[in-house]
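Excluded from the calculations below are hydrogen atoms, water molecules and symmetry mates; all remaining heavy atoms, backbone and side chain alike, are included. Count residues from 1 along the sequence. Predicted, not measured: the structure shown is a model, and the values here were computed from it.
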Amino acid sequence: MTAHSAPYSISDLSRIFEVTPRTIRFYEDQGLISPQRVDQQRVYSERDFVRLKLILRGKRIGFSLAELKTTLDLYDNAPDGTSQADYVLGIIKNHRRELEQKRKDIEATLEEMEEIEARITHSLSA
């Protein structure tokens, strides 16, 4: 990320975070960020910058938009971060369990595919 300081334009954030302006407007529509308006132009604060950074990080690790909104709202309502940390920890544990189950399912499917492949290969060579 390139260093820059507030205020930010939508093109600044788009360039810094390598996302489209449409993505940023979508997060705005969802109530996750709320830039000020100067005439017709969106002006993003340091708060919006940090929130967008958290949104994108959360999306990468599998948070839904609803989970992200709750996380950000908890921070806004309790800046000490304890309720937010507890919530995020719970979400991470749930996502970890889901991913571990998916991994088991994938491993089982791969084993089945290997067995089928071996039977077919054996059948064709006989």
Side-chain angles (χ1 to χ4, degrees):
M1 266 181 254
T2 309
H4 190 287
S5 59
Y8 302 92
S9 69
I10 196 166
S11 60
D12 292 333
L13 293 181
S14 180
R15 185 182 69 261
I16 292 167
F17 291 107
E18 298 178 349
V19 295
T20 64
R22 183 178 179 192
T23 297
I24 296 169
R25 285 190 296 272
F26 174 75
Y27 293 139
E28 181 183 346
D29 291 342
Q30 298 301 307
L32 298 172
I33 56 177
S34 51
Q36 294 183 342
R37 300 274 181 164
V38 175
D39 297 322
Q40 294 295 324
Q41 187 176 10
R42 291 170 170 86
V43 177
Y44 297 88
S45 66
E46 194 64 35
R47 178 179 183 269
D48 295 316
F49 179 93
V50 170
R51 288 173 74 92
L52 182 56
K53 185 176 183 177
L54 293 171
I55 292 163
L56 296 172
R57 182 177 295 150
K59 291 300 290 175
R60 276 195 307 275
I61 62 173
F63 278 47
S64 69
L65 288 178
E67 291 166 339
L68 288 167
K69 181 151 181 43
T70 300
T71 301
L72 294 170
D73 289 347
L74 284 171
Y75 181 75
D76 288 343
N77 295 324
D80 69 345
T82 54
S83 57
Q84 181 192 38
D86 288 339
Y87 178 77
V88 169
L89 188 59
I91 296 297
I92 289 172
K93 286 179 179 179
N94 287 337
H95 283 285
R96 180 184 298 273
R97 274 194 298 275
E98 290 171 8
L99 287 171
E100 287 172 355
Q101 183 59 52
K102 286 179 184 179
R103 179 175 31 198
K104 289 177 185 175
D105 293 343
I106 289 169
E107 288 170 357
T109 301
L110 287 171
E111 287 177 21
E112 290 173 17
M113 292 174 80
E114 286 178 28
E115 292 172 14
I116 293 169
E117 184 180 18
R119 277 187 279 171
I120 293 172
T121 301
H122 178 71
S123 167
L124 290 173
S125 64

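- Under a hydrophobic-cluster definition in which Ile, Leu, Val, Met, Phe, Trp and Tyr are linked whenever side-chain heavy atoms come within less than 4.5 Å, directly or via other members, L54 and L74 are assigned to the same cluster.
- Ring orientation note: the planes of F63 and H95 are close to parallel, at an angle under 30° on the 30°/60° scale.
- Among the candidates T23, L52, I24, the single residue satisfying the side-chain contact (heavy atoms from CB on, under 4.5 Å) test with F17 is L52.
- Here the closest non-hydrogen pair linking D12 and P7 is OD2-O, 4.3 Å.
- Here the CG-CD distance, from L110 to E117, works out to 10.5 Å after rounding to the nearest 0.5 Å.
- Counting heavy atoms from C-beta on, the side chains of L65 and F26 come closer than 4.5 Å.
- The local environment of CD in Q30 is crowded, with over 12 non-hydrogen atoms from other residues, nucleotides or ligands closer than 6.0 Å.
- Ion pairing between K104 and E98 fails under the 4.0 Å rule for side-chain N and carboxylate O.
- Within the model, atoms CG of L99 and CG of N94 stand 11.0 Å from one another, a figure rounded to the nearest 0.5 Å.
- M113 CE to I120 CD1: the interatomic distance, rounded to the nearest 0.5 Å, is 10.0 Å.
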Q.
Show, in sequence, the C-alpha distance, side-chain angles and deciding distance for V19 and L13, and conclude whether the side-chain contact (heavy atoms from CB on, under 4.5 Å) test is met.
A. CA-CA 8 Å; V19 295; L13 293 181; over 6 Å; no
Q) Can you list the steps and then say if R42 with R25 is a side-chain contact (heavy atoms from CB on, under 4.5 Å)? A) CA-CA 10 Å; R42 291 170 170 86; R25 285 190 296 272; 3.4 Å; yes
Q: Quick one: do S34 and R51 satisfy side-chain contact (heavy atoms from CB on, under 4.5 Å)? Show the steps, please.
A: CA-CA 10 Å; S34 51; R51 288 173 74 92; 6.0 Å; no
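- Within 6.0 Å of atom CD in Q101, more than 12 heavy atoms from other residues, nucleotides or ligands are found, so the atom counts as buried in its surroundings.
- In this structure, L32 and L68 approach most closely via the heavy-atom pair CD2-C, 4.3 Å.
- Note: T121 OG1 to I116 CD1 = 11.5 Å, rounded to the nearest 0.5 Å.
- Side-chain atoms of S123 never come within 3.5 Å of backbone atoms of R119 as a donor-acceptor pair (strictly under, hydrogens ignored).
- Residue D48 comes nearest to P35 through the heavy atom pair OD2-CA, 3.6 Å, listed as atom of the first residue, atom of the second, then distance.
- To the nearest 0.5 Å, atoms CD (E107) and CD (E111) are separated by 7.5 Å.
- Between the side chain of T71 and the backbone N or O of E67 there is at least one donor-acceptor pair closer than 3.5 Å.
- Residue R37 qualifies as enclosed at atom CZ: its count of foreign heavy atoms under 6.0 Å is above 12.
- Taken from CZ in R96 to CD1 in I61, the straight-line distance is 10.0 Å, to the nearest 0.5 Å.
- Between I55 and L72 there is a side-chain heavy-atom pair separated by less than 4.5 Å.
- Counting only heavy atoms from C-beta outward, the side chains of L56 and Y27 approach each other to under 4.5 Å.
- Across all non-hydrogen atoms, the minimal contact from Y44 to S9 is CD1-C, 3.9 Å.
- Salt-bridge formation is detected for the pair D73/K69: a Lys NZ or Arg NE/NH1/NH2 atom is positioned less than 4.0 Å from an Asp or Glu carboxylate oxygen.
- There is a side-chain donor-acceptor pair under 3.5 Å between E46 and Y8.
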